[in-house]
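The next block holds one structure in the form of structure tokens; read it before the comments.
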Amino acid sequence: MISMILAVHNNLSYTQHCVAVLQDNFAPDEYELIVVDDGSADGTAEWLKGNGVQFLRHEEARGIAAARNLGASAAKGDAFLFLEADVWLTHAALEEMVACVNRDARVGIVGCLSNCDEYGCGLFQDAADYEGYEGYKAFAQRVANDARQSAKRDCPAIFATAFAMLITRPAWFALGGFDESACGKSVGADVDFSLRAWQAGYCVVRAKGAYVHRIRPVWNGTAEGLEQETMCGRMWFKRKWGFEINYSCNVRTELLQFVQPKQASPSVLEVGCACGGNFMLLREKFPDITCCGIELDDRSAAVANCFGQIFNMDVETLDMPEWENQFDAVILGDVLEHLYDPWQTVRHMYRVTRPGGRIIVSVPNITHISIFDMMLSGQWKYAAAGILDHTHLRFFTQATAKEMVESAGYRVVTLASVSVIEGEEQERLKEILRPLLRADAPSYQLDAYQWVIVGEKAEA
């Protein structure tokens, strides 16, 4: 039996709808539903009591993490499905999540696909191929059916999110529940639990056949309240782990598409691998791959060690003769701009790249329209993130980034970009400046937020 634990704080209409969805999709003997009311003041407790729903209550709000823990303490199931009140969940989706646990005893946490990428890490499928609740049910069934025809019905994930997060009873009690020091909505507590699970030897996976829809997350009835809670949660997580969720847990699919090894058992080196999210996707695509990473941050490296062999070293003074001609792909995603001598670093990478192998580089574009917009206002403002991140030491155009890769000995085979335009004002300025570009400058350089350069080392 599965225990479904729904922790709520106000937003009664969401709770009512979620309970109705669960009753529509599941027979009463298939699951145990425990609603935990975390000090709501909108009549939630009265409605739950009047409608015969099993519930527990904090008289004063203690935070959603504490509410989830209270629900789990009363749960009787073999696994706990933590839900938020703004979700739609089908029988087929839950079946796919449970199947992941049944297939592999190492799995302690199962996440899902969704229309919502809560942490902005590129980990969730964004699909809009349906309208309304009935459309969602049909779509979710198709996703489940497609997964059942696949040889691989799940994939590893750094973390799962608690809007629909299945945790086995052994994993739950081994890890001691969610960290109750997480504030309010407890944003980040699910990521924290997932990382602790990996470090304790459990696997976190995402069920490819489980598609869960989120309506519109709010907190205390407003989207603004959710934004404040999200910021609070991210700050809490960074204080605990020392890195940011969306930065260190990010998956760079726009770079990984260029990893195209010619060996049956390839090897990849990622400089600045953070928590190792890219390794997880590479292992799914190339089961026999060897993943090595260089990461200076000890706390990120401790997580990445679950997915590859991680080295704490200065890449600018790299001295690893045993790596010479070893790697089919070398990835440097937004790393070179942080270095004093990125040119020397790329030359180091050339030596460790196998003949026929690739270097895959991304760097911010200093000729993006936002930089012109700033300079025309008489400004040059560094920030905590972005093109003018205050830790950036070097700045690149497409031409200078390409020249850096070629000067190391690579032949550039791909020049690509990631485009971002923010608002109508930047769009208007772009149209004014475009005719002023020199003939040899790429017409899209004002749109490009990042350059992606792929180089190949000549075959021996």
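What you see is a predicted model; the values in this text were computed from it and never measured. Counting from 1, the numbers follow the sequence of the chain as shown.
Under the ring-ring contact (aromatic ring centres under 6.0 Å, His included) criterion, F173 pairs with no residue at all, not counting sequence neighbours. Partners of K76 according to the salt bridge (charged side-chain N to carboxylate O under 4.0 Å, His left out) rule, which considers only residues two or more places apart in sequence or in another chain, do not exist here. Take E337 and apply the salt bridge (charged side-chain N to carboxylate O under 4.0 Å, His left out) test, not counting sequence neighbours, and it matches no residue. Looking at residues two or more places apart in sequence or on another chain, you find no ring-ring contact (aromatic ring centres under 6.0 Å, His included) involving F258. Judged as a ring-ring contact (aromatic ring centres under 6.0 Å, His included), and not counting sequence neighbours, Y202 has no contacts. In this view, C291 satisfies the disulfide (SG to SG under 2.5 Å) rule with no residue, not counting sequence neighbours. Residues satisfying the ring-ring contact (aromatic ring centres under 6.0 Å, His included) test with W236, not counting sequence neighbours, are none.
Listed by first then second residue, pairs satisfying side chain to side chain donor-acceptor pair (under 3.5 Å) with a partner in residues 303-323 read D298-N312, not counting sequence neighbours. A salt bridge (charged side-chain N to carboxylate O under 4.0 Å, His left out) check over residues 95-112, counting only residues at least two apart or in different chains, returns the pairs E95-R148, E96-R148, E96-R153, R103-D154, D104-R106. The list of side chain to side chain donor-acceptor pair (under 3.5 Å) pairs with a residue in residues 162-174, not counting sequence neighbours, is empty. The salt bridge (charged side-chain N to carboxylate O under 4.0 Å, His left out) analysis of residues 273-297, with sequence neighbours excluded, yields the pairs K208-E284. Residue pairs meeting the ring pair (Phe, Tyr, Trp, His ring centres under 6.0 Å) criterion with at least one member in residues 288-309, sequence neighbours excluded, are W198-F307.
Here the rule is salt bridge (Lys or Arg N to Asp or Glu O under 4.0 Å) with D179, and of K240, R196, R68 only K240 fits it.
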